[in-house]
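Data block below; observations after.
Sequence lines set the chain letters: A, B, ... in the order given, protein chains first and strands last, and positions in each chain run from 1. Keep in mind that the numbers below use all heavy atoms, side chains included, and drop hydrogens, waters and symmetry copies. Bear in mind that the values here come from a model prediction, so they are computed numbers and not experimental data.
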There are 2 protein chains.
Amino acid sequence: MTTPPGRRERKKAATRRKIADTALRLFLERGYDAVGIREVAAEADVAVTTLFSHFPSKEALVFEQDADFEQRLIRAVTDRTPDEPLVPALRREIHALVRHCTADSASPVWHMVDTSPALRAYEESMRLRHAESLAAALTADPGLARTTTACRTIARFTIDAYALARESADPQAAVDEIFRMIEAAWAVT
Amino acid sequence: MTTPPGRRERKKAATRRKIADTALRLFLERGYDAVGIREVAAEADVAVTTLFSHFPSKEALVFEQDADFEQRLIRAVTDRTPDEPLVPALRREIHALVRHCTADSASPVWHMVDTSPALRAYEESMRLRHAESLAAALTADPGLARTTTACRTIARFTIDAYALARESADPQAAVDEIFRMIEAAWAVT
DNA sequence: GACCGTAACACTAACGGTTAGCTTTATGGA
DNA sequence: TCCATAAAGCTAACCGTTAGTGTTACGGTC
């Protein structure tokens, strides 16, 4: 634990980043389906097996920051001030996440995701994992005191809000509209 | 429409059923991952290309009745009596669907689904399609008069209810609990 | 009843993602 | 200095899936 990132770990991180950057660049230049794994590996100057030791699948190359999304959601629950109610905290975080991924700079990536069935399917199963993590955080919060089913339901609804808002013409308004519904749903539990 | 299924169509249906039955039998006997497509095709005595002309993917072999699920959901909306409110109609249908797929006879299949990541991912993207169809039916219902976002939201929530209930220890109770939340969400739109 | 368009099926060969098995390199600690 | 081990590499395949190209047999038409 006394090791301020050693050379080994730095090299590993560099390899990982080089692979991800190369992959994203090629995908955006020529299309996700038109670029093969062998090509990404060659361009990043690594072996195919190395690529797969850093990323579990081709789709995962596109969702590199996967874990960030999950962490932010969970922190929105665990790091909120003791008197702040749950749903507004979730809404605030979803607002921020939607704003982040509908920003102009991120738009080419999301356009690519939206037009590739494989990427859409992968994203959806990712979101499911996030919903499960969020549900676990809700269940663990002693201030909430709801059933497991209620927690899992609100977690799913929250992820739904993100997904629906992202596809909406007016994402921020959609978040508000859906969260009014979530607020009501939470209130009856 | 005056054609009482000709021989051609009967043979096609027979081939389709033979493939699906063979696949399900092999999958249950030896595990989904342990049985390859070439093996299913050989056992059903068809060419691999024939198999893929009947089913779009290996996973689709397991979810043969896919379309039924979707149709039932939509009919629950369109075929309800003019004065019956929406949410109870949806709840009734989800109750029936959950009962159907948690029946003892269906349990081995669902256990297989639950233990195969590929099948779970496929099921989830199937449900998404169903949610979109349901949302379209809701949007088209002149008696509802809600925003597109509200319709899509309720459609997703309904699918969530199905998915969560199926995994719950007491599925019927879970449906009721989640639908109390959906009822409240619908009421505020 | 012969005839033709076509739907269903078959065969081969390949492509692209993914993995197993094994070797090589280089880093961090003893 | 030397060893254990993590990282990366190479080969060779497996598996789902598809394109390309016939071949058969059904169904409607003359």
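Protein atom CZ of B:Phe55 is 11 Å distant from nucleotide atom P of C:dC9, rounded to whole Å. Across the protein-nucleic acid pair, B:Glu39 atom CD and D:dC15 atom P stand 9 Å apart, rounded to whole Å. In this structure, A:Arg8 atom CZ and C:dT27 atom C1' are separated by 4 Å, rounded to whole Å. Remark: C1' of C:dG17 and CG of A:Leu61 are 11 Å apart, rounded to the nearest angstrom. Distance CG (B:Leu51) to P (C:dA8): 15 Å, rounded to an integer number of Å. Look at NZ on B:Lys18: it is 15 Å from C1' on C:dA10, rounded to the nearest Å. At whole-Å resolution of the value, CG in A:Leu119 and P in C:dG17 are 12 Å apart. Counting to the nearest Å, the P atom of C:dA8 and the CD1 atom of B:Ile19 are 12 Å from each other.
Ion pairing between a basic and an acidic side chain is recognised when a charged N comes within 4.0 Å of a carboxylate O; B:Arg120 and B:Glu124 show no such pairing. Classification of A:Arg25 and A:Glu43 as a salt-bridged pair holds, one side-chain N sitting under 4.0 Å from a carboxylate O. Taking 4.0 Å as the cut-off between side-chain N and carboxylate O, B:Asp141 and B:Arg146 do not count as a salt-bridged pair. We find that B:Arg166 and B:Asp114 are joined by a salt bridge, their nearest charged nitrogen and carboxylate oxygen being less than 4.0 Å apart.
Residue contacts for B:Asp33: at a heavy-atom cut-off of 4.0 Å it reaches no nucleic acid atom on any strand shown. Contacts of A:Ser53 with the nucleic acid, taken as non-hydrogen atoms under 4.0 Å apart, are absent.
Geometrically, B:Lys58 does not engage B:Tyr122 in a cation-pi contact defined by less than 6.0 Å to the ring centre and at most 45° from the axis.
If you check distances only, the side chain of A:Arg10 never reaches the base of C:dT27 with a donor-acceptor pair under 3.5 Å.
Nearest-nucleotide positions on DNA chain C for A:Val35 and A:Lys11 put A:Val35 closer to the 5' end.
Summarising the local packing, CZ of A:Arg75 is surrounded by 12 or fewer heavy atoms from other residues, nucleotides or ligands at distances under 6.0 Å.
Within the structure, every side-chain polar atom (N or O) of B:His54 is placed at least 4.0 Å from both OP1 and OP2 of C:dA8.
No side-chain donor-acceptor contact under 3.5 Å links B:Ser168 and B:Asp170.
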Between the protein and nucleotides 17-21 of chain D, are there any N/O to N/O pairs under 3.5 Å, and if so, what are the atom names and distances?
from, atom 1, to, atom 2, distance (Å)
D:dT17, OP2, B:Lys58, N, 2.7
D:dT17, O4, B:Arg38, NH2, 3.3

